[in-house]
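All values below come from the heavy atoms of this structure, side chains included, with hydrogens, waters and symmetry mates left out. When a residue number appears, it is its place in the shown sequence, counting from 1.
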Amino acid sequence: DNQNTVQKYNNIMRRYICLSLLFSTWLNVQAQEVYNAHQLDISFYSSTPVKSFKAWSTSGTSSINPGKQEISFSVDIPSFTFYRLLMQEHFNKKYMKSNRYPRATFKGHLKEPIDLSAEGIHQVTAQGTLTIHGKKQEREISGSITVKDDIVHLKSDFIVLTSDHDILIPLSLQDQISSEIRVQVRGEYAPSDKLVRK
């Protein structure tokens, strides 16, 4: 009887250990799952009483690691398109010097814990480093992440000051180009092993 009891106990412990290992492995996979966005929509807008202009790019990339609460963005400066070609040339050569500083990036962490498996609208704040024109700036950027029908969608609107990134606007054009640039970011995310729906 004692031998049977010991054997039953050993069997129960083996099952418990196996279940614990499976559960911990599942938690580890969940924590490490990274959500990616390709062809991120990024646009910026400048408005003054004299002139307004808008530029946009669909070449941005981003990743969110909810387990580590990490978030990052990257976009190539030359990928921005303007309505006028001359304005696009001036933007790259005179203001952004995109041959020297070809990329804008943000890297930081989400201040609020987030579960991307939970449907609904999640208000988030990303704290990190925004790098534009080779100049780094510590920022807190607010946005929202909406989860619906297995699609993760991010939306953020914020202001970038040209002075924060040493982007010089000639005195003769200061009435035409705003020192406050409004930026919009929109993107759909999916786990690394799945295609992003567009």
Side-chain angles (χ1 to χ4, degrees), residues 35-64 69-112 121-146 152-189 196 198:
Y35 288 73
N36 291 324
H38 303 285
Q39 296 180 324
L40 199 70
D41 294 322
I42 302 176
S43 62
F44 64 84
Y45 182 72
S46 168
S47 179
T48 70
V50 176
K51 183 179 288 187
S52 299
F53 67 85
K54 183 178 182 179
W56 63 95
S57 170
T58 57
S59 299
T61 60
S62 177
S63 67
I64 300 174
Q69 290 184 242
E70 295 175 343
I71 187 167
S72 64
F73 295 87
S74 178
V75 63
D76 291 336
I77 297 300
S79 70
F80 282 98
T81 301
F82 292 72
Y83 287 110
R84 295 184 179 179
L85 183 59
L86 183 60
M87 189 177 292
Q88 188 166 329
E89 290 178 358
H90 287 172
F91 169 76
N92 281 290
K93 293 180 180 179
K94 291 186 177 181
Y95 304 117
M96 298 302 292
K97 300 180 178 64
S98 58
N99 60 327
R100 291 177 59 190
Y101 312 110
R103 191 168 291 112
T105 62
F106 177 85
K107 187 175 183 180
H109 69 276
L110 297 171
K111 296 180 69 175
E112 303 86 358
I121 301 174
H122 310 273
Q123 300 299 325
V124 294
T125 306
Q127 184 175 36
T129 304
L130 178 65
T131 305
I132 302 174
H133 194 241
K135 180 73 173 180
K136 296 181 178 181
Q137 185 76 16
E138 295 302 310
R139 292 290 305 268
E140 280 194 3
I141 298 174
S142 299
S144 64
I145 294 177
T146 302
V152 177
H153 186 272
L154 178 138
K155 179 172 71 174
S156 180
D157 301 84
F158 57 96
I159 298 291
V160 171
L161 300 179
T162 56
S163 58
D164 283 345
H165 299 278
D166 293 342
I167 301 170
L168 301 179
I169 300 173
L171 187 62
S172 60
L173 295 176
Q174 287 183 358
D175 63 336
Q176 300 180 40
I177 301 176
S178 175
S179 61
E180 296 186 359
I181 307 299
R182 299 181 179 275
V183 180
Q184 289 187 337
V185 180
R186 304 286 188 271
E188 290 180 5
Y189 293 73
V196 176
K198 290 296 292 181

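Listed by first and then second residue, the salt bridge (Lys or Arg N to Asp or Glu O under 4.0 Å) pairs involving residues 166-182 amount to none (not counting sequence neighbours). For residues 129-139, the side-chain hydrogen bond (donor to acceptor under 3.5 Å, both in side chains) pairs, not counting sequence neighbours, are Thr129-Glu138.
The side chain to side chain contact (heavy atoms under 4.5 Å, CB included) with Tyr189 is formed by just one residue from the set Ile145, Asn36, Leu154; it is Leu154.
The side chain to side chain contact (heavy atoms under 4.5 Å, CB included) search around Thr125 returns Lys111, Glu112, Glu140, Ser142, not counting sequence neighbours. With sequence neighbours excluded, the residues that form a side chain to side chain contact (heavy atoms under 4.5 Å, CB included) with Leu173 are Tyr95, Ile169, Pro170, Gln176, Ile177. For Ser74, there are no side chain to side chain donor-acceptor pair (under 3.5 Å) partners, not counting sequence neighbours. Among residues two or more places apart in sequence or in another chain, the side chain to side chain donor-acceptor pair (under 3.5 Å) test is passed with Thr146 by none. Remark: Thr162 pairs with no residue by the side chain to side chain donor-acceptor pair (under 3.5 Å) rule, at least two apart or across chains. With sequence neighbours left out, the side chain to side chain contact (heavy atoms under 4.5 Å, CB included) criterion links Thr58 to Asp41. Partners of Gln184 under the side chain to side chain donor-acceptor pair (under 3.5 Å) rule, at least two apart in sequence or in another chain, are Asp157.
Ser178 has its side chain out of reach of Ser47: every pair of non-hydrogen atoms, C-beta onward, lies at least 4.5 Å apart. Using a 4.5 Å heavy-atom cutoff, the side chains of Val160 and Phe158 are in contact. In this structure, Leu110 and Ile64 have side chains that are in contact, with non-hydrogen atoms separated by less than 4.5 Å. A 4.5 Å side-chain heavy-atom check between Phe73 and Leu130 finds every atom pair outside the cut-off. The side-chain heavy atoms of Ile141 and Val185, taken from C-beta on, include no pair separated by under 4.5 Å.
Between the NE2 atom of His165 and the CE atom of Met96 there is a distance of 8.5 Å, given to the nearest 0.5 Å. Considering OG of Ser144 and NE2 of His122, their distance stands at 10.0 Å, rounded to 0.5 Å. Here the straight-line distance linking atom CD1 of Ile159 with atom OH of Tyr45 works out to 11.5 Å at 0.5 Å rounding. If you take NE2 on His109 and CD on Glu70, they are separated by 10.0 Å, rounding to the nearest 0.5 Å. Atom CD1 of residue Ile71 and atom OH of residue Tyr35 lie 13.5 Å apart, to the nearest 0.5 angstrom.
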Without placing hydrogens or testing angles, list every side-chain donor-acceptor pair under 3.5 Å for residues 75-91, not counting sequence neighbours.
| unit_1 | atom_1 | unit_2 | atom_2 | d |
| --- | --- | --- | --- | --- |
| Asp76 | OD1 | Arg103 | NE | 3.0 |
| Asp76 | OD1 | Arg103 | NH2 | 3.2 |
| Ser79 | OG | Ser57 | OG | 2.7 |
| Ser79 | OG | Asp76 | O | 2.5 |
| Gln88 | OE1 | Phe82 | N | 3.1 |
| Gln88 | NE2 | Phe80 | O | 3.4 |

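Judged purely by atom type and a 3.5 angstrom limit, Ser72 has no side-chain atom pairing as donor or acceptor with the backbone of Ser62.
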